[in-house]
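Here is the structure we will look at.
None of the values given here were measured: they were computed from a predicted structure. These numbers come from the heavy atoms of this one structure, side chains and all, not from hydrogens, waters or symmetry mates. Atoms within a ligand are numbered from 1 in the order they appear, just like the ligands themselves.
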Amino acid sequence: MDLDDRYPALSDLAHAAKRRVPRFVWEYLDSATGDEASKHANPQALDQVTLVPRVLSVQTANLTTRLIGRDWSLPFGIAPVGMSGLIWPGAEVALAQAATKANIPYSLSTVAAATPEIVGPHTDGRGWFQLYPPRDPAIRRDMLARAKDSGFNTLILTADVGTPSRRERQRRARLTNPMRLTPNIVAEAALAPAWSLATLRAGVPRLRTFDKYADDDAPGGTTGHIGYRLRTAPDLDYLKALRDEWDGALIVKGILHTEDARTVAPLADAIWVSNHGGRQFEAAPAAATQLPAIRAACPDTPLIADGGVRSGTDILRLIALGADFVMLGRAFHHGLAALGPKGIDHAIHILRKGLIADMGQLAIATPLQVRNRLK
Ligand code: FNR
């Protein structure tokens, strides 16, 4: 049967993924912080956005979108997700390959299970490297050099993790980093044989980019691992230092306040409006809610947005509110966990087809024209 008939929506891939990974893996990927109000706010805010169709003037859709000096084939890309390789072994390379094939950006997290050296060669010089800001400037400079030398040309500073969040659901799932093979983890893994076999072959996932900097055996825990211990809460001086040290494009991720957007705009090539998929602060608004004010405050700054995107329609909704480009985190991992690498391609396909169908309804030729259809 055609994949489109079996999995017509991203939600179908999510359901299939949930059945194929151990419970603790699903809890890691799906969870947010607190009672998850900010995670739920994301799709809720998107559902409020209505776009008015036009008739008698259907256009041919051109999805090519320019962002930071490059033409991408689609107006969306893959957001950084820590420990992707826990969700499915080899995830980082599979995601990078799928993104490169589709000519969309792939962002490699600092806390991925694969290093920039491993992933970079699969990005064709177009990769984005996401930085959790190391406290030690020597480690920072080393990481930047490693990213650059591995072929990453764009740096994302994630600014919304200055302090760790509680992530209660992840704690309840008893997942630690490094992963400890406790009886409950082993029992859950036994119920997911495809995941377990693939993980046995690939090795237990860990934060490999940090191998070089690990200097002790301090206990890990869900938010106490080396990735947290080495990082700092970045301030404006930190951002300026990064700007000086990194000669590629620089994106600042995790902006929700208009004043922060104004402060960052002169130093960044793009601002990424995001509530981190609801994982940092339960009372945070959705990117969708904040975008119009940030767009007005920074009319000339490229804006990237994410959070709760389930379809091509949601991508158009965020663009209508002021985004130039849209990213998704969990959805591509659902595709991979459900169907292997072809599931990532299928998620991209679902979004592409959805965009084309909606642009037909809206009678627009480019995604940006959706701003004229906002009700
Ligand atoms: C994330 N996100 C994230 N962001 C980041 O800058 N660095 C990181 O390492 C991670 N890690 C991470 C792990 C997991 C499991 C999730 C779900 C998310 C946030 C991510 O980049 C993005 O902002 C959200 O995932 C977007 O929301 P959706 O598309 O997942 O709803």
Side-chain angles (χ1 to χ4, degrees), residues 10-11 13-14 17 21 24-33 36 38-46 76-88 91-92 95 105-114 116 119 128-133 154-162 164-165 167 169-170 173 175 177 205 207-210 222-223 225-228 230-231 234 251-256 271-281 284 286-288 304-311 314-315 317-318 323 325-337 347 351:
L10 294 183
S11 57
L13 293 173
V21 299
F24 65 86
V25 169
W26 180 258
E27 292 300 288
Y28 167 64
L29 176 62
D30 192 57
S31 60
T33 201
E36 311 199 327
S38 52
K39 184 181 101 167
H40 297 303
N42 290 340
Q44 282 162 6
L46 288 166
F76 62 85
I78 305 180
V81 164
M83 290 295 279
S84 283
L86 169 75
I87 297 153
W88 203 264
E92 289 85 357
L95 290 161
Y106 169 64
S107 326
L108 176 68
S109 167
T110 316
V111 290
V119 179
W128 295 6
F129 182 74
Q130 177 265 328
L131 189 74
Y132 276 136
T154 297
L155 184 72
I156 305 160
L157 172 68
T158 297
D160 58 7
V161 291
S165 56
R167 312 239 174 130
R169 198 172 139 200
Q170 205 173 296
L175 181 64
N177 202 333
L207 306 178
R208 285 183 199 270
T209 299
F210 288 92
T222 212
T223 56
H225 56 72
I226 183 161
Y228 278 89
L230 288 185
R231 78 174 65 151
I251 299 170
V252 180
K253 176 173 184 280
I255 299 292
L256 288 170
I271 289 177
W272 187 327
V273 184
S274 168
N275 70 9
H276 210 113
R279 291 165 85 83
Q280 285 304 103
F281 179 44
I304 299 167
D306 73 14
V309 171
R310 301 149 296 176
S311 60
D314 284 345
I315 292 173
R317 284 170 158 148
L318 283 173
F325 211 83
V326 172
M327 302 295 273
L328 298 86
R330 295 179 180 93
F332 296 113
H333 293 74
H334 294 152
L336 176 63
L351 292 167

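Taking every heavy atom of Val111 and a limit of under 4.0 angstrom, the matching atoms of ligand 1 come to 9 (O). For ligand 1, the atoms lying closer than 4.0 Å to a non-hydrogen atom of Tyr28 are 13 (C), 15 (C). Atoms of ligand 1 lying under 4.0 Å from any heavy atom of Ser274, numbered from 1 in the order shown and given with element: 23 (O). Of all atoms in ligand 1, numbered sequentially from 1 with element shown, those under 4.0 Å from a heavy atom of Gly277 are 24 (C), 27 (O).
Side-chain atoms of Leu155 and Ile251, non-hydrogen and from C-beta on, never get closer than 4.5 Å to each other. The shortest side-chain heavy-atom distance between Leu108 and Leu95 does not fall under the 4.5 Å cut-off.
Tested against Asp306, the residues Phe76, Trp272, Phe325 include a single side-chain contact (heavy atoms from CB on, under 4.5 Å) partner, Trp272.
Residue, atom and distance of the protein heavy atom nearest to atom 25 (O) of ligand 1 are Gly329 CA, 3.7 Å. Tyr132 OH, 3.0 Å is the protein heavy atom nearest to atom 7 (N) of ligand 1. In this structure, atom 6 (O) of ligand 1 lies nearest to the protein heavy atom Thr158 OG1, 2.7 Å. Among all protein heavy atoms, the one lying closest to atom 10 (C) of ligand 1 is Pro80 O, 3.3 Å. Among protein heavy atoms, the minimum distance from atom 18 (C) of ligand 1 is reached at Arg279 CD, 3.6 Å. Ranking the protein heavy atoms by distance from atom 19 (C) of ligand 1 puts His276 CD2, 3.5 Å first. Here the heavy atom of the protein found nearest to atom 11 (N) of ligand 1 is Gly82 N, 2.9 Å. Atom 31 (O) of ligand 1 has Gly308 N, 2.8 Å as its closest protein atom, hydrogens excluded (heavy atom only).
The closest approach between any non-hydrogen atom of Val81 and ligand 1 is below 4.0 Å.
Polar contact check, Lys253 against ligand 1: a nitrogen or oxygen pair lies under 3.5 Å apart. Residue-to-ligand polar distances keep Trp272 apart from ligand 1: every N/O pair is separated by 3.5 Å or more.
Leu256 contributes atom CG, which lies 11.5 Å from atom CD1 of Ile271 (distance to the nearest 0.5 angstrom).
Here Trp26 and His333 keep their ring centres 6.0 angstrom or further from each other.
Residues Gln130 and Thr158 have side chains that bring a donor and an acceptor to within less than 3.5 angstrom of each other.
Side-chain atoms of Arg330 come within 3.5 Å of backbone N or O of Leu29 as a donor-acceptor pair.
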